[in-house]
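Some notes on the structure that comes next.
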Amino acid sequence: MQGSALLLRMRGLQRLNEVSTSKIPKEPASRMVTILFDGIAYGMLLFILACGLSVTLGLMNFVNLAHGAFALAGGYITATLMNRAGFSFFLCLPIAFLFSALIGVALERTLYRHLYDRSHLDQVLFTIGIVFMTVSAVDYTMGSGQQMINIPTVLRGRIDLLGGSIGVYRLFIIVICGLLTLLLQLALVRTRFGSRLRAAVDDPRVARGLGVNVNLVFAVTFAIGSGLAGLGGALGAEVLGMDPTFPVKFMIYFLIVVTVGGASSITGAFFASLLLGIADVAGKYYVPKAGAFIIYAIMVLVLIWRPQGLFVKGATR
Amino acid sequence: MTVALETRNLVKRFGGLVATDDVSIAFQKGVRYALIGPNGAGKTTLINLLTGVLRPTGGAVILEGADITGMAPHRRVQNGLARTFQINQLFPEMTPLQTVGLAVSERQGHGREWWRLAGGKREVIDEAAAILERFGLTDVMGAETKVLPYGKQRLLEIAVAIACRPRVLLLDEPAAGVPEEERHEILDIVGGLPDDVTILLIEHDMDLVFSFAQRIAVLVNGGLFMEGAAKDIAADPRVREVYLGEGGHG
Amino acid sequence: MTDIAAAAAVPQISPAADARLMLAAAARWRWWEFAVWIAALAAIVVFPRNLLLLNEIAILALFALSLDLILGFAGIVSLGHAAFFGVGAYAAGLLGKFGYGDPFLGLAAAAAVAAVLGFATSFLLLRGSDLTRLMVTLGIALMLLELANREAWLTGGADGLQGVTIGPVLGLFDFDLSGRTAYLYSLGVLFVLFLLARRIIHSPFGLSLRAVKQNPLRARAIGISVAVRLVAIYTLSAAFAGVAGALSAQTTQYVSLEVFDFIRSADVMLVLVLGGVGYLYGGIFGALIFKLMQDYLSAITPQYWQFWIGLVLVILVLAGRERIGAQLTRLFAPLLRWRRA
């Protein structure tokens, strides 16, 4: 009825993130370790991808359905630089961060900031528009296929750990994302920027009165959030797959991380990501028939049980 | 005299803060009450407990002999307990006619009738028109509420509550923001209500309080400090000390 | 009307009579409303080659109308309205596949199934913020998508539901290749349901919905049970969407998983916003604009027309939907007699 090949692919939510799970060992105990490990790696990736959204949506109350577009930008710049210009993967990671951060800050300054005080409906419509444009534009310029990222030989192969077999690349993801998480938490709690952000989110007018440059704080926050998504896109392209419809396919996952995690802190989003990652990988392995159905069902139940999020203290009103 | 509305050992805690502290008070049918107390004494919390916006931590609310402690707010209205808000709560894109007409039609039980055009019931329209006329809103009844001057909106706020035909009416600072010269107009209208309606007025303006209320309840720190006839309260040295003293010298 | 006669007999009109006239005027049909429906009917003669497209427009208009009932009149933002369209489509499609191809039976079944789903899920929307509602509606549509995909023995899975056979409308009019019967059938259903919706929004119940949307606190304070009203309108809206889905299944004799798609939920929201929220004709005008735009754009750039749709959305929001709406209303006000002077 819609008559568009692109649309038909965009609807492929049921084929959502066929996470390429590592070769799973047969022996139950070591199998469990491997699944747990893959789940953690996947969850860490989700956190890096979604933590920017947990600030804009969770703290600034701005419904940004286009957050995945920044991850898309990071994934595509990495693939392009590696495949066409021969850049090293490790060099591409910071470039992906900067590239997406730049796009993010440009969008924030020109467009998004006009929408902070608009209705949620307007924000939804606007960001859906951005998603439509991104998906079509990327498809038009880069083609509709998967972007291939050849991870360096150093990161290939598997090692044995705790009785399970673990992919080196997944270990790399866990280490990088773990470090970033620590850094983020420290930056939010320990630095002056962190306290300014919290003040700006709490009450922009009061923060302005205290001499905080609220616009700058929001812009920097947005840039970092977009940059991290870009980095996540670069890191995750191999695991999650990267094609033009990425923002649509993963939109629901990012939203789950934020809403289930709760708006109060990034720790909530972190635990929600881990939970989602492990549940998704384990679910796909143990109950492949049920698929993502269980994930959505749990999300709906959690939202009804605790509308403010699972990891918020005293959330019930 | 019969009791219209009563609280028994009503308690409301927000975390460690006690906003309503063991309040037991009985409001007699047809009597005009005023509820006074310094800022933060818990007046609005008490109103919210009475109307069901908040659930009490302990104690009971009794309306005309029936326990309504757990009753939903809209059911209390249907049972004769209406209120006005300190800050106008109106329907910005509806006209005064639609607003009052809706309140009347809901009270008469036509609210779920989806097959009939609004405005078709003569008894609804006649009553709505009469209320609008009483409040001097007839000439603006077709204009959207959001374009009305503040004074008219304030009158509409009370008119809507009246349209619920309450037996107990809670007025949360009805004259707030209204210029001095128009304040008595509002209270005159309220004072003209049928004698069997019990009215509880929250107000800071002592002139208004004493010109309106027959009895006065004084709240201090969430607890009922004193309740009595207006002239006794005015004369009581302790009340003057905790409350009137502040305003009296100012 | 005797009321008018009575009012005219009295030298000066009483406030009550005036009030009655004022309320009656709000529900009166305007000339341009007649024009819309006459044009829709005349399209059969004027555009005999485009009847399939017109059929799609009528179905999309009904779908958008169903969204308007909750978004425009109750303020519920949904990202998963396709759930109801989808179950309606599968209900009618499956009936057709298993030998119960009477069109109206299919419509009734679709409406019933969608209404039950709407009723059951409406309770999930009563508490919580816009964001929770967005996520819950989206989640339910995605769950149904997953379910339809897994239960391929029933739904045909990714290949779609095939072998749907629909009998003639009223036992007389077969669905033909030109789409003439399909369009007339869809338009007829749209018209009937539109009349129902129009009646409802001008009823005391409809007025109470507007009150709930504009200020739930005050709505409760005049004795309105907000929850009951929201459940009622959400159920009705779901039934409308289910009928739209059934029309789609019956006139194309095919149902695909796409009916539950997020993109479909997003599109219908866009359609409604294009046409304007909260006055019932928004869905019809929006469907017309959207389908024509899609038809025109996909002729130029077959795969990438979605880009332009996105651009329209972005511009629409940046320019201020409500401001544009207000400007248009002001512009056409004298022409359309929106309000009684």
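Computed from a predicted model, the values in this text were never measured in an experiment. Chain letters run A, B, ... following the sequence lines, proteins first, then strands; residues in each count from 1.
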Nearest 0.5 angstrom please: [X] [atom1] to [Y] [atom2], how far?
X	Y	atom1	atom2	value
E146(C)	Y296(A)	CD	OH	5.0 Å
L270(C)	I128(A)	CG	CD1	8.5 Å
T259(A)	M135(C)	OG1	CE	3.5 Å
I298(A)	M143(C)	CD1	CE	10.0 Å

Heavy-atom side-chain proximity of [X] to [Y] below 4.5 angstrom:
X	Y	value
D267(C)	F132(A)	yes
M269(C)	L121(A)	yes
I130(A)	V314(C)	yes
L255(A)	L138(C)	yes
V317(C)	Q123(A)	no

message: If the contact rule is any heavy atom under 4.5 Å from chain A, which residues of residues 117-125 of chain C qualify, in numerical order?
response: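 Result: L124(C).
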
So what's closer than 4.5 Å to chain A heavy atoms on [X]: side chain, backbone, both or neither?
X	result
L134(C)	side chain
L79(C)	side chain
V77(C)	side chain
V136(C)	both

field: Atom OH of Y254(C) with >12 non-hydrogen neighbours under 6.0 angstrom
entry: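 Yes - once you tally the heavy atoms of other residues, nucleotides and ligands closer than 6.0 Å, there are more than 12.
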
With a 4.5 angstrom heavy-atom cut-off, could you sort out which part of [X] is near chain C: side chain, backbone, both or neither?
X	result
I295(A)	neither
T134(A)	neither
I294(A)	neither

field: All ring pair (Phe, Tyr, Trp, His ring centres under 6.0 Å) counterparts of Y296(C), not counting sequence neighbours
entry: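 Testing Y296(C) for ring pair (Phe, Tyr, Trp, His ring centres under 6.0 Å), a comparison that skips the adjacent residues, returns none.
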
query: Among I140(C), L147(C), L144(C), which residue forms the greatest number of heavy-atom pairs with chain A at distances under 4.5 Å?
result: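 The option with the most such pairs is L147(C).
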
- request: Considering only heavy atoms and a distance below 4.5 Å, find which of L52(C), L131(C), I309(C) pairs most often with chain A.
  value: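 With the most close heavy-atom pairs to chain A, the winner is L131(C).
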
message: Shorter than 4.5 Å, heavy atoms on both sides: which option in L125(A), V300(A), L111(A) has the most such pairs with chain C?
response: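 Answer, by heavy-atom pair count under 4.5 Å with chain C: L125(A).
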
query: Residues in side chain to side chain contact (heavy atoms under 4.5 Å, CB included) with F307(C), at least two apart?
result: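 Expected list: M133(A), S136(A), A137(A).
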
Partner set under salt bridge (Lys or Arg N to Asp or Glu O under 4.0 Å) for R118(A), not counting sequence neighbours: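 Salt bridge (Lys or Arg N to Asp or Glu O under 4.0 Å) check on R118(A) returns D122(A).
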
